[in-house]
Peer 1: 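Supplied in structure tokens, the structure appears directly below.
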Amino acid sequence: AATLVIAFACGPAQKPQTAERRLMEGVTGHGPDVDRACRLTAQRCTRCHGIERVLFARVSQPVHWERYVERMRRMPGSGISGADAAIILRCVVYRSFGHRGLWTLDANRAPERD
């Protein structure tokens, strides 16, 4: 009986958060493209390491994420294709810099005009 009282007093056990949820925790104002990008990020990045590596990476500019993702893409067994890397980049840049970071990223990729 004492065990039941203690169990109920502590409340329901909380499920551990998924990597995807952890990526988006506290991030607002994004669209479905960022959601999809973060789902892929959680799948690919956790193949080789915990999501904490993404969450606590120290980057000061979107271009640093570009280099980081490319380095991870080249790791054996990462499962990150070139197309995946571009999608993952949208998640991590948005997470770190919001819409402004995505605008910077997109501006750097815009074709040159004559």
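Computed from a prediction, not measured in an experiment: that's the story for all the values here.
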Peer 1: Kindly confirm or rule out a cation-pi arrangement of R71 over Y68, judged by NZ or CZ under 6.0 Å from the six-membered ring centre and within 45° of its axis?
Peer 2: yes
Peer 1: Determine which pairs satisfy ring pair (Phe, Tyr, Trp, His ring centres under 6.0 Å) with at least one residue from residues 35-58, sequence neighbours left out, and list them in order.
Peer 2: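 As it turns out, there is no ring pair (Phe, Tyr, Trp, His ring centres under 6.0 Å) pair with a partner in residues 35-58 once direct neighbours are skipped.
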Peer 1: Can you tell me how far apart CE (M75) and SG (C48) are? Round to the nearest 0.5 Å.
Peer 2: 7.0 Å
Peer 1: Treat each ILVMFWY residue as a node, draw an edge where side-chain heavy atoms are under 4.5 Å apart, and state whether W103 and Y94 are in one component.
Peer 2: no
Peer 1: Look only at the side chain of R44 and the backbone of G79, and say whether a donor-acceptor pair between them is shorter than 3.5 Å.
Peer 2: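 Flag set: sc R44 to bb G79 pair under 3.5 Å.
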Peer 1: Does the distance from a Lys or Arg side-chain N to an Asp or Glu carboxylate O, for E25 and R21, drop under 4.0 Å?
Peer 2: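 No, E25 and R21 are not salt-bridged.
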Peer 1: With heavy-atom distances below 4.5 Å as the criterion, would you say the side chains of L105 and W65 are in contact?
Peer 2: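 No, their side chains stay 4.5 Å or more apart.
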Peer 1: Treating Ile, Leu, Val, Met, Phe, Trp and Tyr as nodes and any side-chain heavy-atom pair under 4.5 angstrom as an edge, say whether I88 and V63 lie in one connected cluster.
Peer 2: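 Different clusters.
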Peer 1: Which heavy atom of S96 sits nearest a heavy atom of V59, and at what distance?
Peer 2: OG-CG2, 3.9 Å
Peer 1: Answer yes when D35 and R90 have at least one side-chain N-carboxylate O distance shorter than 4.0 Å, and no when they do not.
Peer 2: no
Peer 1: Is there side-chain contact between V34 and L102, with at least one heavy-atom pair below 4.5 Å?
Peer 2: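 Touching, per the 4.5 Å side-chain cut-off.
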Peer 1: State, yes or no, whether a side-chain contact exists between R67 and E70 at a heavy-atom distance under 4.5 Å.
Peer 2: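 A side-chain contact under 4.5 Å is absent here.
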Peer 1: If you measure from OG1 on T18 to CD1 on I51, what distance do you get to the nearest 0.5 Å?
Peer 2: 9.0 Å
Peer 1: Strictly distance-based, threshold 3.5 Å: is any side-chain N or O of S78 a donor or acceptor partner for the main-chain N or O of R73?
Peer 2: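 The answer is yes, because a donor-acceptor pair under 3.5 Å joins these two groups.
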Peer 1: Report the distance from atom CD1 of I80 to atom CE of M72, rounding to the nearest 0.5 Å.
Peer 2: 8.0 Å
Peer 1: Compare all side-chain heavy atoms of L23 with those of R95 and state whether any distance is below 4.5 angstrom.
Peer 2: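 Touching, per the 4.5 Å side-chain cut-off.
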